[in-house]
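Presented below is the structure to which this report refers.
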Amino acid sequence: MTKLNPDQKSAIEHDRGPLLVLAGAGSGKTMVVTHRIARLVGRGTPPRAILAMTFTNKAAEEMAVRLEKLVGPGAREATIGTFHAFGLRVLTQEARALGFHDGRFAIFDQADQAGAVREILRAIRGNRKYDIWAILSRISKAKNEFVEPEQFAARKGDEYDDITALVYPRYVEALRSFHALDFDDLICEVVRLFRRRQDVLDKWRERYWYVLVDEYQDTNHAQLELVRLMAEEHRNICVVGDDDQSIYAWRGADVRNILDFEQHFPGAKVVKLQNNYRSTDAILSVANVVIHKSSARRHEKRLVATRPGGEKTQVVVASDPEVEAGFIADEAQRLINDGLQPRNVAVLYRSNALSEPIETAFRQREIPVRVLGGTQFYERKEVKDLIAYLRVLTSPRDEISLRRIINYPARGIGPVALERLATHALASDKPLWNAVSQASSISGLAPPAVAGCASLAGILQQASHRLDAGEPAADIARFVVHDTGLEADIAAGSSSSQAAARRRGNLAAFLRVLERFDQSGRRGRDALGALLRVLSLNTEAEEKDPGNVVTLATMHGTKGLEFEVVFVAGVEEGIIPHARTLDARATDVDSQDVEEERRLFYVAVTRAKARLYLCRARHRSLRGKPAPRTPSRFLTELPEELFDTREVRDATPTTQSMMDGIAGLLAALEK
């Protein structure tokens with residue numbers, strides 16, 4: 001505590017009652033949260049009575065590790081995880097109260113959701129093409145606002161609202177028929193259950209005496225309701241966040257939750273953490289100007305540097321995107337040659353559409369890079385295929401998973417055969433798995449399909465017996481991989497030996513996950529099913545540290561990260577702020593979107609610790625044609641004394657050498 005500033009101490013030492021901690025960028029908020037929990041434990045609160053929720057598995061793991069260092073192994077009894085992980089915990093224990101009488105349910109991931117909507121669209125609109133993610137986004141928003149399908153249908157809207165009104169009730173029915181929940185349900189169904197069953201709510205309130213929420217500015221309406229229900233009786237609620245870093249409205253986050261905290265929890269204590277331990281004063285001067293120009297409602301605060309001085313911000317004006325990319329790569333190479341580690345360099349941009357020339361420039365110079373936002377580990381096809389087999393093994397009613405693997409690898413069960421199996425299941429009011437198991441008795445099913453069903457049923461029945469006998473999950477998964485031909489299909493279907501090796505490596509990595517699970521001593525159907533549900537929540541890659549490489553990422557993708565040197569590319573009007581927020585017909589909502597773009601730019605600036613480069617191009621292609629670009633308003637608002645301007649016209653040293661060579665040749669010809 002002796003190393004903490006007065007505001008940090010005030011937040012940590014707060015005893016009972018609601019607490020709002022406004023934690024500016026780089027102000028040590030994770031340290032404050034973990035020290036606050038440690039103090040509660042030190043003063044006699046049992047760790048099991050503490051619930052801390054955040055938004056990513058990575059953040060939750062970091063918090064848990066820090067807490068264990070402070071209070072020892074007892075910290076493991078505290079519940080520290082994501083909102084969705086907590087929702088899963090509640091629903092798993094209260095499954096029967098939700099109508100899952102066997103206590104089991106599947107979790108739809110994004111691919112499962114897309115598959116369900118695709119099938120519904122095919123049934124109601126034939127081959128007409130729709131953006132499935134636009135429909136799912138509307139369904140998600142409706143769910144989190146507790147808008148039922150019939151209420152949504154009564155609204156007036158555009159074409160996508162109309163099609164969503166048709167899909168939404170069928171999608172909900174599909175979830176019920178598959179005994180499944182999607183990610184939104186993991187929060188919304190808990191809220192509904194708590195509202196409906198006071199006895200269940202009381203049980204969970206009695207379990208958790210203190211509730212803490214990190215990144216509170218990112219909560220949506222359903223998450224707010226969950227927090228209010230859990231804390232409105234004992235009022236021991238502590239939320240930590242920064243309205244100036246609220247950048248996820250597009251996925252449902254509502255900045256009003258943190259702005260109105262004192263209305264939701266009257267008498268709340270408010271602590272502002274404004275000392276920044278990350279960036280130099282030169283960088284924070286830019287950040288403070290950017291955010292103080294905001295016209296949006298916000299908590300008034302100002303970042304105060306604990307690192308005086310620093311390099312002036314560089315505003316780089318390039319002739320075109322290739323020149324901009326070349327400058328960024330060359331400057332990064334110069335800094336690396338001077339001793340900077342590549343891992344301490346990041347290039348940020350508003351959207352992935354700007355990344356290609358930048359990535360190309362780095363690769364041409366053989367500077368190692370990672371591009372954040374690639375396919376996540378548990379979303380990779382071979383991993384999802386094996387998980388689908390295991391999900392059917394633990395829960396045969398999981399029709400989405402069964403449909404995924406029923407003819408993969410190919411076993412003669414084509415679309416016509418699948419349709420007949422589904423029709424038989426519907427007529428007999430049984431799950432699709434029953435039809436697969438009884439395929440030989442279904443008339444009109446072709447012999448290859450009958451044989452394929454028998455093969456699949458035989459493999460899974462044998463695996464089921466081994467599971468019930470208590471064999472390790474990893475051994476059972478290896479049996480499935482071998483006997484279904486998954487590994488052989490990977491070898492046959494990959495475009496190259498390297499691609500096949502990479503996909504086999506992904507399967508091996510997942511088997512290692514199962515081996516770690518086996519080492520815990522847990523066995524059986526319920527234990528494996530619980531693991532698969534948890535893995536469905538793990539949307540972050542189960543990968544090794546990428547190593548000492550430069551990071552290329554969107555501004556959204558680096559929130560929570562920090563780097564010695566940050567390049568921000570494409571700082572132009574129409575890119576940041578994005579063109580969709582600048583329409584001449586802008587409404588009040590759109591103007592709020594512009595202010596969210598300002599917050600996004602502020603987040604990008606505050607990722608930098610020592611050097612900041614704000615880059616733009618004078619010309620950039622717009623719909624295939626070069627068009628002049630103007631600097632972003634976030635640049636023109638900066639006082640000139642805060643930055644130095646650099647004009648860049650030649651793309652790369654390589655290009656310059658070529659031009660010098662041509663000039664020499666012309667001079668020789670003239671002679």
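No hydrogens, no waters, no symmetry mates; every other heavy atom, side chains included, goes into these values. Keep in mind the model is a prediction, meaning the values are calculated, not measured.
Put simply, the residue from Ile80, Thr82, Val211 that forms a side-chain contact (heavy atoms from CB on, under 4.5 Å) with Met53 is Val211. Each of Val191, Leu229, Val190, Leu193 was scored for a side-chain contact (heavy atoms from CB on, under 4.5 Å) with Leu201, with one residue passing: Leu229. Shown are Ile120, Thr164, Leu166, Ile135; of these, the side-chain contact (heavy atoms from CB on, under 4.5 Å) with Tyr171 is made only by Ile120.
Of the N and O atoms on the side chains of Thr54 and Glu215, not one donor lies less than 3.5 Å from an acceptor on the other residue. Ser10 and Lys269 form a side-chain donor-acceptor contact under 3.5 Å, judged by distance and modelled atom types alone. Between the side chains of Arg391 and Ser401, at least one donor-acceptor pair of N or O atoms lies under 3.5 Å. Using a 3.5 Å distance cut-off with no hydrogens or angles, the side chains of Asn276 and Ser27 do not pair a donor with an acceptor. Looking only at atom types and distance, the side chain of Tyr277 has a donor-acceptor partner in the side chain of Asn5 under 3.5 Å away. No side-chain N or O of Gln113 forms a donor-acceptor pair with one of Asp109 less than 3.5 Å apart. Defined by atom type and a distance below 3.5 Å, a donor-acceptor pair is present between the side-chain atoms of Ser140 and Asp184.
Side chain of Arg207 to backbone of Lys203: no donor-acceptor contact under 3.5 angstrom is found. Side-chain atoms of Lys609 never come within 3.5 Å of backbone atoms of Arg607 as a donor-acceptor pair (strictly under, hydrogens ignored). Looking at Arg155, its side chain never comes within 3.5 Å of a backbone N or O of Gln151 through a donor-acceptor pair. Using modelled atom types, no side-chain atom of Glu262 and backbone atom of Ala268 make a donor-acceptor pair closer than 3.5 Å. No side-chain donor-acceptor contact under 3.5 Å links Ser632 to the backbone of Glu573. A distance-only check finds no donor-acceptor pair linking the side chain of Arg633 to the backbone of Ile576 [under 3.5 Å]. No donor-acceptor pair under 3.5 Å is formed between the side chain of Arg205 and the backbone N or O of Glu233. A donor-acceptor pair is defined here as one N or O able to donate and one able to accept, closer than 3.5 Å; no such pair exists between the side chain of His299 and the backbone of Lys301. Between the side chain of Asn236 and the backbone N or O of Gly17 there is at least one donor-acceptor pair closer than 3.5 Å. Between the side chain of Thr606 and the main chain of Val603, a donor-acceptor pair closer than 3.5 Å is present.
In this structure Tyr602 satisfies the ring-ring contact (aromatic ring centres under 6.0 Å, His included) test with no other residue, sequence neighbours excluded. Legend: residues meeting side-chain contact (heavy atoms from CB on, under 4.5 Å) with Asn220, ordered by chain and number and at least two apart, are Asn144, Ala222, Gln223. Not counting sequence neighbours, the partners of Arg350 by the side-chain hydrogen bond (donor to acceptor under 3.5 Å, both in side chains) test are Glu597. The ring-ring contact (aromatic ring centres under 6.0 Å, His included) test applied to Phe601 returns Phe634, not counting sequence neighbours. Take Arg256 and apply the side-chain contact (heavy atoms from CB on, under 4.5 Å) test, not counting sequence neighbours, and it matches Asp254, Asp260.
The aromatic rings of Phe83 and Phe55 lie tilted to each other, with the angle between the two planes from 30° to 60°. In this pair, Tyr208 and Trp204 present their aromatic rings parallel. The plane angle is below 30°, not in the 30 to 60° band.
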Inset, instruction - Dump the intermediate steps for side chain to side chain contact (heavy atoms under 4.5 Å, CB included) on Val240 and Val32, then the final yes or no. - result: CA-CA 9 Å; Val240 183; Val32 168; 5.6 Å; no
Legend entry - Asn57 and Glu61: CA distance, side-chain angles, deciding distance, side chain to side chain donor-acceptor pair (under 3.5 Å) verdict: CA-CA 6 Å; Asn57 294 296; Glu61 289 164 8; over 6 Å; no
Legend entry - Evaluation steps, salt bridge (Lys or Arg N to Asp or Glu O under 4.0 Å), between Arg176 and Glu399: CA-CA 11 Å; Arg176 289 176 183 154; Glu399 186 169 323; over 6 Å; no
Legend entry - Worked check of salt bridge (Lys or Arg N to Asp or Glu O under 4.0 Å) between Arg278 and Glu562: CA-CA 8 Å; Arg278 175 189 299 157; Glu562 58 183 37; 2.8 Å; yes
Inset, instruction - Could you give me the CA-CA distance, side-chain angles and deciding distance for Arg170 and Glu173, then say whether salt bridge (Lys or Arg N to Asp or Glu O under 4.0 Å) is met? - result: CA-CA 5 Å; Arg170 292 168 173 82; Glu173 185 57 38; over 6 Å; no
Inset, instruction - I would like to know whether Thr219 and Val227 meet side chain to side chain contact (heavy atoms under 4.5 Å, CB included); could you show each step before the answer? - result: CA-CA 10 Å; Thr219 54; Val227 170; 5.6 Å; no
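You'll find the ring centres of His234 and Tyr210 outside the 6.0 Å limit. Taking the six-membered ring for Trp, His179 and Phe105 have ring centres at least 6.0 Å apart.
A salt bridge is defined here as a Lys NZ or Arg NE, NH1 or NH2 lying under 4.0 Å from an Asp or Glu carboxylate O, and Lys29 with Glu62 fails to meet this definition. Under 4.0 Å is where a charged nitrogen must lie from a carboxylate oxygen, and between Asp244 and Arg302 no such pair does. Using a 4.0 Å cut-off between charged nitrogen and carboxylate oxygen, Asp182 and Lys143 count as a salt-bridge pair. Ion pair Asp526/Arg104 flagged as a salt bridge, since at least one NZ, NE, NH1 or NH2 atom sits closer than 4.0 Å to an Asp/Glu carboxylate oxygen. Salt bridge absent: Lys156 and Asp161 never bring a charged side-chain N and a carboxylate O closer than 4.0 Å. A salt bridge is absent between Glu595 and Arg599: the closest approach of a Lys/Arg side-chain nitrogen to an acidic carboxylate oxygen does not fall below 4.0 angstrom.
Under the 4.5 Å side-chain criterion, counting only non-hydrogen atoms from C-beta, Val270 is in contact with Leu22. In this structure the side chain of Leu372 reaches within 4.5 angstrom of the side chain of Thr551, judged on heavy atoms. The shortest side-chain heavy-atom distance between Trp133 and Gln110 falls under the 4.5 Å cut-off. Between Asp7 and Asn275 there is no side-chain heavy-atom pair separated by less than 4.5 Å. The side-chain heavy atoms of Lys559 and Asp218, taken from C-beta on, include a pair separated by under 4.5 Å. Using a 4.5 Å heavy-atom cutoff, the side chains of His292 and Arg298 are in contact. Side-chain contact between Asp593 and His578: absent, with no pair of heavy atoms (C-beta onward) separated by less than 4.5 Å. Within the 4.5 Å cutoff, side-chain heavy atoms of Val566 are placed close to those of Leu348.
Here Met63 contributes atom CE and Leu67 contributes atom CG; the two are 9.0 Å apart, rounded to the nearest 0.5 Å. Separation of atoms CG (Leu226) and CG (Leu186) is listed at 11.0 Å; rounding is to 0.5 Å.
Counting heavy-atom neighbours within 6.0 Å of Lys384 NZ, excluding the residue itself, gives a total above 12.
Figure legend: cation-pi geometry between Arg195 and Phe146, with NZ or CZ positioned under 6.0 Å from the six-membered ring centre and within 45° of its axis.
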Tabulate below the donor-acceptor pairs under 3.5 Å that side-chain atoms of residues 37-50 make, not counting sequence neighbours, or state none.
from  : atom 1 : to    : atom 2 : distance (Å)
Arg39 : NH1    : Glu13 : O      : 3.3
Thr45 : OG1    : Leu40 : O      : 3.2

